Participant: 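Have a look at the structure that comes next, please.
Just follow the structure's listing: the first ligand is 1, and inside any ligand the first atom is 1. What you see is a predicted model, and the numbers here were worked out from it, not measured in a lab.
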Amino acid sequence: MLIPHDTRIALDTVVDLVNTAPESRPPRDGLAGGSEDGLADIAALYAFAERHLISGVGALGEKDLTAVRDVRARFAEVFAAPDPRTAADLVNRLVAAAGTTPQLTDHDGYDWHVHYFAPDASIADHLAADCGMALAFIIVAGEQERLRRCEAPDCGHAFVDLSRNRSRRYCSSRTCGNRLHVAAYRARRKEATG
Ligand SMILES: [Zn+2]
Ligand SMILES: [Zn+2]
C-alpha cells in the first residue's frame, strides 16, 4: 500500500493521540499508565503539538484541551470500529464537524501535499480534519482492518498495521511482541521440563 508522506505523518499523529488516553495506557513494567492521561494538562497539549509539528495553533487553553480530548475519544471509536461502514460514518462526522478546507501547499520544503484543516483552525479541528482524512485514505484503500489495537493482553495501544501482509499483532515488536514471545517461550520450556 502506497501511503503519501503527509498521510503517514497524520497517521503517526492520530495513533499517538489515541494512545495518550488513559484506557490506552495500561500500567505495566513499572511504567506509569492506567489512570494517567497523556494529555493531563495544557503543557502536555503543547508538548503534543510540538512533537507532531502542529504549527499555527496559537495559544492553547482549557477549551482546546477539552476539545482535543473529545476528538481523541472519537478517534478511539474509529480504531474500535468493527467494519469499514462504521469507521466511515465516524470519520465523516468528525471531519464534517471540523469544517475542512482542502488546500494544496508546499510549505517548509515539503513536496506538494494537501492540508485539510481550515486556516486558523483550532488544534482540535486541525487534528480532526488532517487525521480524519488520513484515516479516510486508509478506508478508501480498503484497508480499514489495518487500524488495530495491540493484542497483548495488558496493552491496548492503537496502531496502524503497515506491514505488507497485514500480519502485525502488537503495537511494537520490541516491547509487546517481545514480551509475549518470551512468555510463550517460558511456557513451552516449563511444559517440556515439567
Ligand atoms: Zn503540511
Ligand atoms: Zn502493545
Side-chain angles (χ1 to χ4, degrees), residues 2-38 48-58 68 71-72 75-76 78-81 95 98-138 145-163 166-187:
L2 188 70
I3 298 182
H5 162 83
D6 47 308
T7 302
R8 202 174 272 259
I9 289 174
L11 289 174
D12 283 347
T13 303
V14 69
V15 163
D16 190 26
L17 177 66
V18 170
N19 287 338
T20 61
E23 63 270 22
S24 296
R25 294 156 61 88
R28 63 178 149 110
D29 301 340
L31 284 171
S35 57
E36 219 166 285
D37 193 322
F48 181 86
E50 198 163 299
R51 197 151 77 233
H52 293 289
L53 307 172
I54 300 164
S55 54
V57 291
V68 168
V71 163
R72 176 177 72 182
F75 278 127
V78 178
F79 275 84
V95 169
T100 63
T101 309
Q103 293 272 314
L104 275 159
T105 171
D106 64 346
H107 68 98
D108 297 322
Y110 290 110
D111 257 338
W112 287 107
H113 61 287
V114 180
H115 282 175
Y116 292 97
F117 57 90
D120 303 320
S122 68
I123 184 168
D125 285 348
H126 181 133
L127 288 168
D130 263 28
C131 296
M133 288 310 295
L135 295 180
F137 180 88
I138 297 287
E145 62 178 282
R146 289 182 186 270
L147 308 176
R148 303 231 176 108
R149 290 276 185 180
C150 180
E151 287 180 27
D154 55 351
C155 189
H157 269 138
F159 69 93
V160 181
D161 177 9
L162 296 178
S163 68
R166 307 180 197 183
S167 60
R168 201 172 138 195
R169 297 171 57 203
Y170 307 112
C171 63
S172 155
S173 53
R174 260 184 310 126
T175 56
C176 285
N178 195 42
R179 225 152 36 82
L180 288 195
H181 219 79
V182 170
Y185 174 75
R186 286 209 188 114

Participant: Could you tell me the separation between the CZ atom of Arg8 and the CG atom of Leu162, rounded to the nearest 0.5 Å?
Facilitator: 5.5 Å

Participant: Please give me the minimum heavy-atom distance between Ser167 and Arg148, naming the atom from each residue.
Facilitator: C-NH1, 4.5 Å

Participant: Applying salt bridge (Lys or Arg N to Asp or Glu O under 4.0 Å), name anything that partners Asp16, two or more places apart in sequence or on another chain.
Facilitator: Arg51

Participant: For the SG atom of Cys176 and the CD atom of Glu151, what is their distance to the nearest 0.5 Å?
Facilitator: 11.0 Å

Participant: Of all the atoms in His157, is at least one N, O or S atom closer to the Zn ion (ligand 2) than 2.8 Å?
Facilitator: no

Participant: Could you grab the distance from atom CG of Asp6 to atom CG of Asp130, nearest 0.5 Å is fine?
Facilitator: 8.0 Å

Participant: Quick one: give me the number of protein N/O/S atoms under 2.8 Å from the Zn ion (ligand 1).
Facilitator: 3

Participant: Is there a side chain to side chain contact (heavy atoms under 4.5 Å, CB included) between Ile9 and His113? Walk through the geometry before answering.
Facilitator: CA-CA 12 Å; Ile9 289 174; His113 61 287; over 6 Å; no

